[in-house]
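Reviewing the structure listed below.
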Amino acid sequence: MNLNLLAVVFQAEFLRKVRSRPYLIGTIIGVLGIFAFTSLPVLLTRFIGGSDHSLVLVGPPPITAAVTQLVRGDYKIVDTLPEMTEKPSIAFLDAHHGAAAVVVLARDAKGLHATAYARDAGAWGNSFRRDLAPLNVQYATNLTAARITALLDVPVVVKSLDAKFADERSAGAARGVATLLVFLLYMSIILNAQSVMSSVAEEKTSRIAELLVATVSPAQLLAGKIFAAGAAGTIQLALWCITGIYTGQTLVGLTSGTASAASMATPALGAIPITAGQGVAFVLFFLVGFIQYATMYAAAASLINRTEDLGSVTVPLVLPVVGGFLVAQFALVQPNAPSVQIISQVPLLAPFVMFTRIAIASVPLWQIVLSLLVNIVATVAIVYAAGKVYRVGLLMYGKMPSLKQVIATIRA
């Protein structure tokens, strides 16, 4: 293979791709989407979500004072009144700092009673009822609210048997990281593989391919396209990952000291560091998966005669990548299930499933090495077969060949 010609094809394809409007728009939308995914829940909770948890308490001062102490972790008390002097209404809530609800409190022989008049009854959760439980028990038992709260708060320490994570929080954070990274892996592989397919289809249907193969061999042309798309995809993927990690780590400080709802909304990205091993595994499985799918997409595109036919050859190729992504979601819950371990070795599926296992569990090194070896061998076989189809299909016009003819071309 002439390396100079390969470099020329690579440079031309790379510059064409990174300068194209779809690539630039996709990269920007990805960055903005990841920023929104990681930060929007927290920002909404911090800056505008507070109004959904602001209350006006109405009742005897001893009761409203006790309730204020109990609910202040989940709600903001904007005002307390000894009694209602007017009928509860939206205007009443607007006049009291735009509160989300007014709660009328009372006590009788049966205990504490609360009636909430809310702007949105559907958004009214069970946390207020849970917060009031210690006060109701106090009235029935004469124990202090602090003592009752301490008794109700049963300390449960969850320790992982997997040596990779020390506790429940770090394990949950790892799942958050894995979920986002696997999604980015899925999007990057499928988008860039389809980009190669579109490029091949465009060149063939416009007959540009006939001019190209006059000076460049089909193998060099295919290799240059895949290398260029892989390089552009790696840059795009790196930008997306950096955005997610930086945003997640920044928001850890932003959410410190906020209400529990805000901390629950915070994505897990900044909670644990991404290890060098995970980063290497992510890149390796991205490259393996991309080359596998890109060569198959390019070979399929070389068989069509009209761009309208792309849909008919795309559907079968999309199924494995969607299947791998779905199995990866199951692997998030059961990373060491026997079926997941087997699938993490299967070509086309392994890039998603094995990386998910690496991110959230302690996977034996031999399984990782075996998966990479199996998929590298499979990649070589796919490149060989797809290359033969691409070489023949690129200059084949007329009726699209049947599956039998494609198999015969591969065997030839």
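The basis for the numbers below is simple: all heavy atoms, side chains too, and nothing from hydrogens, waters or symmetry mates.
- Results of the side chain to side chain contact (heavy atoms under 4.5 Å, CB included) test with Y117 over V58, V104, L93 single out V104 as the only residue that passes.
- Using a 4.5 Å heavy-atom threshold, the side chains of N192 and Q236 count as touching.
- A distance of 7.5 Å separates CD1 of I376 from CG of L284, quoted to the nearest 0.5 Å.
- To the nearest 0.5 Å, atoms CD1 (I226) and CD1 (I291) are separated by 7.5 Å.
- For the residue pair Q341 and N336, no side-chain donor N or O sits within less than 3.5 Å of a side-chain acceptor on the partner.
- Two rings, from Y186 and F325, have their centers less than 6.0 Å apart.
- Between L222 and A298, the shortest heavy-atom distance links the atoms CD1-CB, 3.5 Å.
- Under the 4.5 Å side-chain criterion, counting only non-hydrogen atoms from C-beta, M296 is in contact with L348.
- Under the 30°/60° scheme for interplanar angles, the aromatic rings of F10 and F14 are found to lie parallel.
- Here the closest heavy-atom approach between residue F286 and residue G233 is recorded as CZ-C, 4.0 Å.
- The two residues V363 and M354 have their closest heavy-atom pair at CG1-SD, 4.1 Å.
- Separating the NZ atom in K76 from the OG atom in S54 is a distance of 7.0 Å, to the nearest 0.5 Å.
- A 4.5 Å side-chain heavy-atom check between L55 and V102 finds every atom pair outside the cut-off.
- Of all the heavy atoms in S371 and F285, the pair that sits closest is OG-CE2, 3.8 Å.
- Taking the side chain as every heavy atom from C-beta outward, P335 and V340 never approach each other to under 4.5 Å.
- Annotation: side chain of Q329 is not in contact with side chain of T356 (no heavy-atom distance under 4.5 Å).
- Here the side chains of Y293 and I190 are not in contact, with every heavy-atom distance at 4.5 Å or above.
- A heavy-atom distance below 4.5 Å is found between the side chains of H96 and L81.
- Considering only heavy atoms from C-beta on, Q345 comes within 4.5 Å of L370 through its side chain.
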